[in-house]
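In this chain, numbering begins with 1 at the start of the sequence shown.
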Amino acid sequence: LNVTGDLTISGGIVQNCHSSNSGGGIYVSSGSLNLDSGAIINNYTDIHGGGLYSNNSDIRISGGEISNNSTKVSETYTGSTGWGGGMYLYYSNLTMTGGNIDYNRGRIGGGLKIDAGVANISGGTINYNTALGYDGSGGGIYTISGATLNLSNCEIIGNEAMTNGGGIFPDGEREKI
């Protein structure tokens with residue numbers, strides 16, 4: 001599903017989709033996505049954002065789930081692939097007040113990768129995600145490029161990483177948590 005405008009998901013399922021580029025389930029570019037309920041599950045990408053890839057967009061999650069999504073992962077270095085198993089935010093903003101980002105797998109940011117954006121997470125869960133591969137980092141959340149992450153009243157439980165930051169890994173000098 002390629003979104004360049006505004007999309008609200010209130011029920012329904014985006015499931016078993018594949019992209020050889022980014023956004024296995026949904027690709028949002030210069031638009032917005034509201035996930036009130038419903039599910040983005042069991043999607044796969046060869047590059048970034050197994051469930052959802054967001055480029056210069058606003059993402060709002062108040063319910064529903066992003067789960068069991070994955071990116072291509074190799075045990076050897078594969079360059080810039082495998083980022084954001086559940087969701088990859090690139091110059092995008094996230095407001096999460098509910099819902100679940102659980103059981104996703106990726107190389108960098110098993111649940112969520114935030115690249116130069118702002119994420120305000122004040123509810124919901126980011127649980128049991130995994131960062132795999134030789135440099136798997138940020139099992140739950142991975143931030144980079146001056147990303148800002150604000151957390152309150154949310155669960156980040158049972159995430160794993162092969163190297164750094166099972167729960168959260170801020171990679172760089174300019175990240176704000």
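- Within the structure, ring pair (Phe, Tyr, Trp, His ring centres under 6.0 Å) pairs that include any residue of residues 89-113 comprise Tyr103-Tyr128 (at least two apart or interchain).
- Here CG of Asn34 is found 7.5 Å from CG of Asp6. Values are rounded to the nearest 0.5 Å.
- Results of the side-chain contact (heavy atoms from CB on, under 4.5 Å) test with Leu33 over Leu94, Leu52, Thr8 single out Leu52 as the only residue that passes.
- Note that the NZ atom of Lys113 and the OG atom of Ser137 stand 10.5 Å from one another [nearest 0.5 Å].
- Minimum interatomic distance between Val73 and Gly106 (heavy atoms only, all atoms of both residues): CG2-C, 3.8 Å.
- Formation of a donor-acceptor pair under 3.5 Å by the Asn43 side chain with backbone atoms of Asn69 is not found in this model.
- In this structure, Gly23 and Ser19 approach most closely via the heavy-atom pair O-CB, 3.6 Å.
- Residues Arg105 and Leu132 are in side-chain contact: their nearest non-hydrogen atoms beyond the backbone lie under 4.5 Å apart.
- A donor-acceptor distance shorter than 3.5 angstrom exists from the side chain of Asn104 to the backbone of Ile66, with no hydrogens or angles considered.
- Note: the hydrophobic cluster containing Leu151 also contains Ile101 (ILVMFWY, side chain heavy atoms under 4.5 Å, direct or indirect links).
- Side chain of Asp171 to backbone of Ile144: no donor-acceptor contact under 3.5 angstrom is found.
- Closest of all the heavy-atom pairs between Asn159 and Ile126 is ND2-O, 2.9 Å.
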- Task: Evaluate the criterion side chain to side chain contact (heavy atoms under 4.5 Å, CB included) for residue pair Ser32 and Arg60; output intermediate values, then yes/no.
- Result: CA-CA 8 Å; Ser32 69; Arg60 289 179 281 295; 4.0 Å; yes

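- The cluster map of Ile, Leu, Val, Met, Phe, Trp and Tyr, joined by side-chain heavy atoms under 4.5 Å apart, puts Ile59 and Val118 in different clusters.
- Between the side chain of Thr45 and the backbone N or O of Asn21 there is at least one donor-acceptor pair closer than 3.5 Å.
- In terms of modelled atom types and a separation under 3.5 Å, the side chain of Thr71 and the main chain of Gly82 share a donor-acceptor contact.
- Of the possible donor and acceptor atoms, none in the side chain of Arg107 sits under 3.5 Å from a partner among the backbone N and O of Asp135.
- Ring geometry for Tyr53 against His48 counts as parallel: the plane angle stays under 30°, on a 0 to 90° scale with 60° as the upper cut.
- Linking Ile, Leu, Val, Met, Phe, Trp and Tyr whenever their side-chain heavy atoms come within less than 4.5 Å puts Ile61 and Leu7 in one cluster.
- Between Ser67 and Asn100, the side chains place no donor N or O within less than 3.5 Å of an acceptor N or O (distance only, hydrogens not considered).
- Counting heavy atoms from C-beta on, the side chains of Ser122 and Thr97 come closer than 4.5 Å.
- Of all non-hydrogen atoms in Tyr27 and Asn55, the two that sit nearest each other are OH-ND2, 4.2 Å.
- To the nearest 0.5 angstrom, Asn93 atom CG is 9.0 Å from Asn56 atom CG.
- If you chain together hydrophobic residues whose side chains sit under 4.5 Å apart, Tyr44 and Leu1 never meet in one group.
- We find the CD1-CG distance between Ile40 and Leu35 to be 5.0 Å, quoted to the nearest 0.5 Å.
- Here the OH atom belonging to Tyr88 is positioned 11.0 Å from the CG atom belonging to Leu112, to the nearest 0.5 angstrom.
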Distance-only criterion, 3.5 Å: show the donor-acceptor pairs between side-chain atoms of residues 9-18 and protein atoms not counting sequence neighbours.
from: Ser10; atom 1: OG; to: Asp36; atom 2: OD2; distance (Å): 3.2
from: His18; atom 1: NE2; to: Asp46; atom 2: OD1; distance (Å): 3.3

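- Nearest approach of Asn129 to Asp102, heavy atoms of both residues: OD1-C, 3.4 Å.
- Linking ILVMFWY side-chain heavy atoms closer than 4.5 Å, directly or via other members, places Ile47 and Trp83 in two distinct hydrophobic clusters.
- If you take CD1 on Ile114 and OG1 on Thr143, they are separated by 6.5 Å, rounding to the nearest 0.5 Å.
- Using a distance-only test at 3.5 Å, with no hydrogens or angles considered, a donor-acceptor pair links the side chain of Ser92 to the main chain of Ser57.
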